[in-house]
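Take a look at the structure below.
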Amino acid sequence: MARLLIGVSGGIAAYKALETARLAIKAGHSVRVVQTEASTRFVGPASFSAITGAPVLCDAFDDDPLRGAYPGEPARDWAPITHLALVQRADLFLIAPASANTLAKLAHGLADNLLTTAALAATCPVVVAPAMNHHMWRHPATRANLELLRARGVIIVEPGEGDLASRGEHGAGRLAEPAELIAACAPLLAGAGESAPVTATSPGPWLGRRVLVTAGGTREPIDSVRFIGNRSSGRMGYALAAEARRRGAEVTIVSANVSLPAPPGTRVLPVGTAAELQAACEAEFDRTDLLLMAAAVADFRPTAVAATKLKKDHGPPQLALEATTDVLATLAARRHPGQRLVGFAAEHGDGAVAYGREKLSRKGLDAIVINDIAAPGIGFDTPDNAVTILTAAGGEHRVARAAKAQVAAAVLDALAPLWDPSDKERDDRTLRAGPARTAGV
């Protein structure tokens, strides 16, 4: 049983914290809640107390009848410091919703209420789920505050897009749904209380990493109806994203024409063409630790696109093609120390591994994952896959045919050695952010 501390700040989305607490308890976790004074104007402490079976604290000077204990634990025989006890015993501190004001306080180390004081004292992982008006969400100050928190190892569960509290307003800023919040916390709570906590000397290679996954296949328009495309469904990319998220990574998916539901806790950027995929990847790349380039990006596109539908009465059109930009090679050329790049190659028949090895070297990758689509029942738009993983260090690992979720787990297992614990970039970031399981704000 893990101990989850939920911090609730002011905003209409505070009502979702009730369901989040309920789902966490249903999942077997022990939950305590701290609230800001502003949040009590939306949801009263009695509601959280009824769900958790424990008193709710709203002020650093509130008396805690449980003396820092969580439900199911005996109360201590002495009175600890209120604002430290709950967060010191927590396995995870989830702040949801985090208003723009609270986000700013967390980013700049302010501690003027119980929630922000607890956050500053946190030695457990901290997950922050913002919720605010879309204009506030887009403001440069908010974006800068998010980057400060990410740089310290705080995991951000980005808000969704939809109707907002202000009548008639629509945009990004809606608090992630409770099920998404629990899914984001699940890998960080897994095994808590059952094994030794992760420390600075055993951080786990994926916890807190920023992983960028491309998935699906690009479509290059011929006219207003037709396009040049491929058969990639995005299943493998989404399986990789789900597995990386399960292991504690912060995952963004650049999704090219994929109709699958997004893995819980991931951020999805939909794109259509190779150029759009390139733009999305370039915008995300600098803050990425690992790029998994699983999308099937078109190698060619029409030099001109008809504004209307081409009519077959005029006979087959004469299409002139031009090469698209090699997105992976372009990103590899601008990588910074500590980044890892993994390519994917769908090949057909003899020579697949040899071609993959040449591609690995030519593009300057850390690893490449090859699947031979000539074999029946694997590859595009199928539930199974079989791959060969080549690394720049000369390693070769074959993964036999299995469900794509299992293949994704095998791929991440094989890639784990890419994270050298002596890597200076990792050490520098650990010093800045604190240990992976001790990344407070």
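Values reported hereafter were calculated over all heavy atoms of this structure, with side chains retained and with hydrogens, waters and symmetry mates removed. Count residues from 1 along the sequence.
By the 4.5 Å heavy-atom criterion applied to side chains, V399 and T388 are not counted as neighbours. For the pair T252/V213, no side-chain contact is recorded, criterion being any heavy-atom separation below 4.5 Å from C-beta on. Looking at M293 and V342, their side chains never come closer than 4.5 Å, going by heavy atoms from C-beta outward. Annotation: side chain of C124 is not in contact with side chain of D91 (no heavy-atom distance under 4.5 Å). Under the 4.5 Å side-chain criterion, counting only non-hydrogen atoms from C-beta, Q339 is not in contact with D289. Within the 4.5 Å cutoff, the side chain of V387 has no heavy atoms near those of the I370 side chain. Side-chain atoms of T214 and V271, non-hydrogen and from C-beta on, never get closer than 4.5 Å to each other. The closest side-chain heavy-atom distance from V369 to M236 is not below 4.5 Å.
Taking each heavy atom of L103 and M132 in turn, the nearest pair found is CD2-CE, 4.1 Å. The two residues T52 and I25 come nearest to each other via the heavy atoms CA-CD1, 3.7 Å. Shown here for A90 and Y70, the closest heavy-atom pair between the two residues is CB-OH, 3.4 Å. Taking each heavy atom of V128 and A98 in turn, the nearest pair found is CG1-CB, 3.6 Å. Taking each heavy atom of R32 and A54 in turn, the nearest pair found is CD-CB, 3.4 Å. The shortest heavy-atom contact between F93 and G7 is CE1-N, 3.6 Å.
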### Message
Before you tell me yes or no, could you show the steps for W137 and E158 under side-chain contact (heavy atoms from CB on, under 4.5 Å), namely the whole-Å CA-CA distance, both residues' side-chain angles and the distance that decides it to 0.1 Å?
### Response
CA-CA 10 Å; W137 174 247; E158 299 224 356; 3.5 Å; yes
### Task
Walk me through it: do E284 and R267 pass the test salt bridge (charged side-chain N to carboxylate O under 4.0 Å, His left out)?
CA-CA 12 Å; E284 298 292 323; R267 172 174 165 245; 2.9 Å; yes
### Message
Determine whether R335 and D286 satisfy the following criterion, salt bridge (charged side-chain N to carboxylate O under 4.0 Å, His left out), listing intermediate values before the conclusion.
### Response
CA-CA 8 Å; R335 70 194 295 177; D286 287 343; over 6 Å; no
What donor-acceptor contacts under 3.5 angstrom involve side-chain atoms of residues 296-305, with partners at least two apart or in another chain?
unit_1	atom_1	unit_2	atom_2	d
R301	NE	E322	OE2	3.1
T303	OG1	A320	O	3.3

Distance-only donor-acceptor hits, side chain of residues 177-187, under 3.5 Å, sequence neighbours excluded:
unit_1	atom_1	unit_2	atom_2	d
E177	OE2	K16	NZ	2.8
E180	OE1	E177	N	2.9

Determine all donor-acceptor pairs shorter than 3.5 Å in which one atom belongs to a side chain in residues 389-396; sequence neighbours excluded.
unit_1	atom_1	unit_2	atom_2	d
T391	OG1	G395	N	2.9
E396	OE1	R357	NH2	2.9
E396	OE2	R398	NH2	2.9

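With respect to K404 and D384, no salt bridge is recorded, no charged nitrogen being found less than 4.0 Å from a carboxylate O. The pair E243-R247 meets the salt-bridge criterion, since a charged nitrogen lies less than 4.0 angstrom from a carboxylate oxygen. For E250 and R287, the salt-bridge test passes: some basic side-chain N is under 4.0 Å from an acidic carboxylate O.
With hydrogens and angles left out, the side-chain atoms of N113 and T116 include a donor and acceptor closer than 3.5 Å. E37 and S39 share no side-chain donor-acceptor pair at under 3.5 Å.
Here the CG atom belonging to D223 is positioned 5.0 Å from the CZ atom belonging to R226, to the nearest 0.5 angstrom.
For the pair S99 (side chain) and S9 (backbone), a donor-acceptor distance under 3.5 Å is absent. At least one donor-acceptor pair under 3.5 Å links the side chain of H139 to the backbone N or O of A141.
The environment of CZ in R362 is crowded: more than 12 heavy-atom neighbours from other residues, nucleotides or ligands sit within 6.0 Å.
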